[in-house]
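In this chain, residues are counted from 1 in sequence order.
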Amino acid sequence: MENKLEHYDASDIQVLEGLEAVRKRPGMYIGTTDVKGLHHLVWEIVDNSIDEALAGFCDNIEIVINKDNSITVKDNGRGIPVDIHPKTKMSTVETVYTVLHAGGKFGGGGYKVSGGLHGVGASVVNALSSWVVVDVYKNGKIYEVKFINGGKIEEPLHVIGECEEARTGTTVTFKPDNTIFDTDIYDYETLKVRTRELAFLNKGLKLTLRDDRDDEDTQGEVFHYEGGISEYVKYLNKAKTPIHEDIIHLEGEEDGVMFEVAMQYNSGYSDSIYSFVNNINTHDGGTHEEGVRRALTRIINNYARKNNILKEKDDSLTGDDVKEGLTMIVSCKHPNPQFEGQTKGRLGNSEVRKLADNVFSEGFERFLLENPDAARIIVEKAMTASRARVAAKRARELTRRKSDLDVVNFGGKLADCKEKDPSVCEIFIVEGDSAGGSAKVGRNSMTQAILPLRGKILNVEKARLDRALSNEEIRTIITAFGTGIGDEFDLSKLRYNKIIIMTDADVDGSHIRVLLLTLFFRFFRPIVEAGHVYAAQPPLFGVKLGKNDTHYCLDEKDLDDYLNTLTETQRKNCIIQRMKGLGEMDADQLNETTMDIKTRVLRKITVEDAIAADAAFSKLMGEEVEPRRQFIEENATYSDLDV
């Protein structure tokens, strides 16, 4: 009998033609087919319009969520060319939407600078949509082409009407294929965050976002910022207290590379530094960010030494010292960016490092010389941060775990689990000693650790690391996690795969949960980003159907849904109990409702958009009262805020 593993010839090689490859492996082109991938389709079409704006031919883009959950993107650019493409023998519009790597982003003829998926965006969106309609306004005519079933041409390009001779632009409407995506429902807030960001990054460009799914007639929201990234910094600092009035704005160009920085220091202790290349968020930084950070540290040290603020005996300020309380946007427009990693998370072009350093150094030096009062405030803040860093280093010694024996119970606080394999271990951070006691009795002691909190922990949004490390509850958390903190942080040393916040479903419980999330976001962000942090969901109701039969419901909607499944006679005989707080449950109840992996409900805490999360924590936990009041009023209709 022939061994099938030995049979290997040309017939075993599968060749996927055209857009079939995209439908077969969508993750290779858009990352995921979940809600994130769904929204990514919008940005691939919008990026084409943005490219027209970067080239100087478009100043108005409209994005509409239609009633059927399709998306329309409309611009007033030049309009995609409609003539026959010499290579494909199809119209250029059809070529752009059916041939991978066909677009004005190649060869340098169409666009000097562009974002998106390097020319595959339009065709990928077509491949992953159930239908697409493209209208082009050009030459006094309106041209239209329709595609169905992942890119097949249903109606070739043809003229459907006339328009004013001067009118140009492209309108694209598409409906994502619900056989490919986990969901086909668009989230307005998700689209709003990125639309606003694009408006900040492209000064003068007007973007309108409208949701037509509501019955109310709406004009949508308009995002238009003549100040560009300076207005972005102002927006991010809205809930913070700036320590100098002017936003520092620096820009320059060299060899076709445009470089721009906007920055302002505030009285807080966390930095908010975000960098972009061709409108793409380089969340892992890169050479453009490295050049700026290097120059920032050098220029502040030089200024402090020259003006005798930093004495000869004093150690130089570090990068961490000079970025405390800094909000900064770094934006680079590059004709040929080289990104490291599939997600374009890091810029690799080595020549950009020197360019960024040069542009930033010249502009920032000038600002410090022309604004001595602001310069002194900035330097003194960095020096205070330096002293705090030294104090934090001493305090950090207290959180180091020398051996397992050092953290057997932290003076009775931590009830650790017996298992030593982190992949199967989880720790419950519990509100109060009473709930902690029940949790210790009701847990699975092999894999579940319990850490009760006594009172509310320090709000780290209003405290430096040294003060945070002097807080006993925070020190206990750091030691229990095992990762260290600050520049010593090491995710591989995390002792638990799941960190579960377990608090009451009331105002106090919500406050404690937000305090913990603030701590995790500011000091342990990689733990959150890696998906290790969860919130327990204790039920609000118990429905008793008999002596030993109780069904638990998370909230009123869950209760209504469950009651609707009962017959009228069960329903009449059932007893609905509003559940007590965690501390009032006995060990069995707590285990059954909230801790048992077979019956519990956990909510994973994610940071999908770090910039939006940063702004939210600043509003909720920062010094400024007015932004917090406004935030609460805007979100008061929601039963819970999923940060």
Distance-only side-chain donor-acceptor flag, [X] / [Y], under 3.5 Å:
| X | Y | value |
| --- | --- | --- |
| Arg443 | Asn591 | no |
| Asn237 | Tyr232 | no |
| Asp320 | Thr318 | no |

* **Option passing side chain to side chain donor-acceptor pair (under 3.5 Å) with Arg495 (candidates Asp416, Thr479, Asp421)** => Asp416

Sequence-distant partners of [X], side-chain contact (heavy atoms from CB on, under 4.5 Å), two or more places apart:
| X | answer |
| --- | --- |
| Val601 | Gln537, Leu554 |
| Glu289 | Ile273, Ser275, Arg293 |
| Asn497 | His532 |

Compare all side-chain heavy atoms of [X] with those of [Y] and state whether any distance is below 4.5 angstrom.
| X | Y | value |
| --- | --- | --- |
| His551 | Tyr562 | yes |
| His40 | Lys36 | no |
| Thr593 | Pro538 | no |
| Glu197 | Thr195 | no |
| Leu590 | Met595 | yes |

Apply side chain to side chain donor-acceptor pair (under 3.5 Å) to [X] and list each qualifying residue two or more places apart in sequence or on a separate chain.
| X | answer |
| --- | --- |
| Gln589 | none |
| Thr599 | none |
| Thr550 | none |

Whether over 12 other heavy atoms sit under 6.0 Å from [X] [atom1]:
| X | atom1 | value |
| --- | --- | --- |
| Glu380 | CD | yes |
| Lys493 | NZ | no |
| Arg196 | CZ | yes |
| Ile597 | CD1 | no |

What pairs with [X] under salt bridge (Lys or Arg N to Asp or Glu O under 4.0 Å), at least two apart in sequence or on another chain?
| X | value |
| --- | --- |
| Asp614 | Lys240, Arg522 |
| Glu245 | none |
| Glu556 | none |

* Asked: What do the steps show when you test Glu568 against Arg571 for salt bridge (charged side-chain N to carboxylate O under 4.0 Å, His left out), and what is the final call?
  -> CA-CA 5 Å; Glu568 194 173 335; Arg571 203 177 299 147; over 6 Å; no

* Test Arg464 against Asp466 for salt bridge (charged side-chain N to carboxylate O under 4.0 Å, His left out), laying out the working first. => CA-CA 6 Å; Arg464 280 193 179 92; Asp466 61 318; 5.5 Å; no

* Looking only at atom types and distance, does a side-chain atom of Thr183 sit under 3.5 Å from a main-chain N or O of Ile185, one as donor and one as acceptor? -> yes

* **Short side-chain to backbone donor-acceptor contact, Asn266 and Gly325, under 3.5 Å** => yes

* May I have the step-by-step check of side chain to side chain contact (heavy atoms under 4.5 Å, CB included) for Leu191 and His39, ending in yes or no? => CA-CA 7 Å; Leu191 295 177; His39 289 77; 3.6 Å; yes

* How would you list, by chain and number, every residue that makes a ring-ring contact (aromatic ring centres under 6.0 Å, His included) with Tyr235, sequence neighbours excluded? -> Phe200

* Please name all residues satisfying ring-ring contact (aromatic ring centres under 6.0 Å, His included) with Phe520, sequence neighbours left out, ordered by chain then number. => Phe481

* Asked: What distance do Tyr225 atom OH and Leu207 atom CG have between them, rounded to the nearest 0.5 Å?
  -> 9.5 Å

Output side-chain donor-acceptor pairs under 3.5 Å for residues 498-505, partner residues at least two apart or in another chain, one line each.
unit_1, atom_1, unit_2, atom_2, d
Thr503, OG1, Gly509, O, 3.2
Thr503, OG1, Arg513, NH1, 3.3
Asp504, OD1, Leu582, N, 2.7

* To do: Mind running salt bridge (charged side-chain N to carboxylate O under 4.0 Å, His left out) on Arg389 and Asp321 for me, showing each step along the way?
  => CA-CA 8 Å; Arg389 173 174 50 82; Asp321 299 333; 2.9 Å; yes

* Stepwise, does the salt bridge (charged side-chain N to carboxylate O under 4.0 Å, His left out) test hold for Glu431 with Arg454? -> CA-CA 7 Å; Glu431 173 189 354; Arg454 297 184 176 121; over 6 Å; no

